[in-house]
Amino acid sequence: MSEQSKDVCDPNSAAEASNSEVHSSLGVPGGLSPPASQAATLAGPESPPLGPTDAPLASPPPQAPSEEGDPKALQQAAEEGRAHQAPSAAQPGPAPPAPAQLVQKAHELMWYVLVKDQKRMIIWFPDMVKDVIGSYKKWCRSILRRTSLILARVFGLHLRLTSLHTMEFSLVKALEPEELDRVALSNRMPMTGLLLMILSLIYVKGRGARESAVWNVLRILGLRPWKKHSTFGDVRKLITEEFVQQNYLKYQRVPHVEPPEYEFFWGSRASREITKMQIMEFLARVFKKDPQAWPSRYREALEEARALREADPTAHCPRSSVSED
Amino acid sequence: MEEGRAERRRRTEAPSHPQGGTRRAGVMTDVHRRFLQLLMTHGVLEEWDVRRLQKHCYRVHDRTATVEELEDFINNINSVLGSLYIEIKKGATEDDGRPVYALVNLATTSVSKMASDFAENELDLFRKALELIIDSETGFASSTNILNLVDQLKGKKMRKKEAEQVLQKFVQNKWLIEKEGEFTLHSRAILEMEQYIREMYPDAVKICNICHSLLIQGQSCETCGIRMHLPCTAKYFQSSPEPRCPHCNDYWPHEIPEVFDPEKEREAGTSRANKRSLRSRQH
């Protein structure tokens, strides 16, 4: 495969970007967003993906065939492969379009998908590129991502790649957990906002959050370890003792560090009651960004949501004392 | 963090589109989402269907809430849809003024909305039919006149027999209505394509003197030529013993139809089946 990766939009990586579940290949990570996209600023260190060749009936990327294989191993191999490709893949090309144009394309694609679904027609990826995306092929990943987000938020529909082999998408109904918005803004439970801030920080970091990092964040809210707060009282006691007792947080000493430092982890109760998707929505709200500005986290959140749905299809969202008014 | 309409509702805003322009103060809940899903599935719905749909969505997702007034409910949703250049548009059937609703794309500037279903020559057939309908005096184009144009179509050559079937496809998809061998635009097509039609045919297009919307079928003043939709004349002349043209004040020579009354419609439920066979209604 040559370094044409930037010229062609890979439906699989695009699908990953749109966070749909891929049943066959799991070996292709979402990849780096194009510079034009806002998401790039907060994206993790992910390399640009390889794309198939230009033919509309291109075979799926090499990783795909080992379908039922170990997804994690595939993913790692893919990422390593990409890391090598990355430097040589950067070619001088046309300037990225204005964000407004990408947004417009996303809207067009949204309508296109809705109409196709309305007419019970197959939503075929090459058609999407030919009919809607056109010359914006290089940015189809970010366009697809935005379209999926809009469809989820406004219509409660997930744009899912149902078959990588045939490159078919379909619109699947989805329910969105909303209690968290209500709770986070509810005056009766201000602690939830505080707790969510910490949980979000831990989640975005992907590992434990040092106490110093947590206080950096809380400082933005005007909270200091030594100051008593009108609502929260002794904040330090609240987060290191009360939340821990309630199993929302874990507060542990960092091993082998002198002088002693502590870090926070998600408590078992937080894992049970709060979904990753709720955290993503919280982040989006607070930072006024797409949840997909944290691509790998958003992906995780979607996977968790899928697992939850499969575990209990009748459940609207996880039951939570946190989310009750 | 914005409270939006949280004072009025328990639910709060969904996160806004980061690059979607100004922040919308709409409230999107699963009730609204389901409503949109189903409205999109049906394409175009009459008002009584829409009300039933709304109630259904509340039943599924929020049993305890009071069902919001339909107009507010729709305006609410439209405030969220605005930044996406789509809206739930309300129109009326041109023959008897039944209110209809459809989710339309405001950004469409061509017939390409239909493009996904139809081949190039089929789309061109529609365009030809559309032109004949707009140019006609009655708002109807005869099947014969449309079929005579098959030789001029772009794309693959189409036979008249085939064209007849394509026209039927348009009827099934609610783009055209057929009445005694003649075709006119379905209210859905008018809702979806009004902007496009007004841009493409600015000279030929007819406008209703009362509501200022696109007019395909209607009545016209024989003296000064202004036109009005049938339901618009019904409302305008409702309590006039002697109807006169609003423009030139000459006697209005046509029969004034009845104003559409949803209540009467419901009572006449059983006879609706009879009505259907007598007139091909737009819905």
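Every chain is numbered from 1 and lettered A, B, ... according to where its sequence line falls, protein lines coming before strand lines.
For the pair A:Met110/B:Tyr85, no side-chain contact is recorded, criterion being any heavy-atom separation below 4.5 Å from C-beta on. Put simply, the side chain of A:Trp111 reaches to within 4.5 Å of the side chain of B:Leu103, judged on heavy atoms. A heavy-atom distance below 4.5 Å is found between the side chains of A:Leu157 and B:Gln37.
With rounding to the nearest 0.5 angstrom, the CG atom of B:Asn105 is 9.5 Å from the CG atom of A:Leu114.
Residue B:Leu81 touches chain A through its side chain alone, counting heavy-atom pairs closer than 4.5 Å.
Heavy-atom minimum distance, B:Leu84 versus A:His107: CD2-NE2, 3.4 Å. Looking at every heavy atom in both residues, B:Arg33 comes nearest to A:Arg153 through NE-O, 2.6 Å.
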Does the side chain to side chain contact (heavy atoms under 4.5 Å, CB included) test come out yes or no for B:Met40 and A:Val115, once each step is laid out? CA-CA 8 Å; B:Met40 190 67 204; A:Val115 170; 4.0 Å; yes
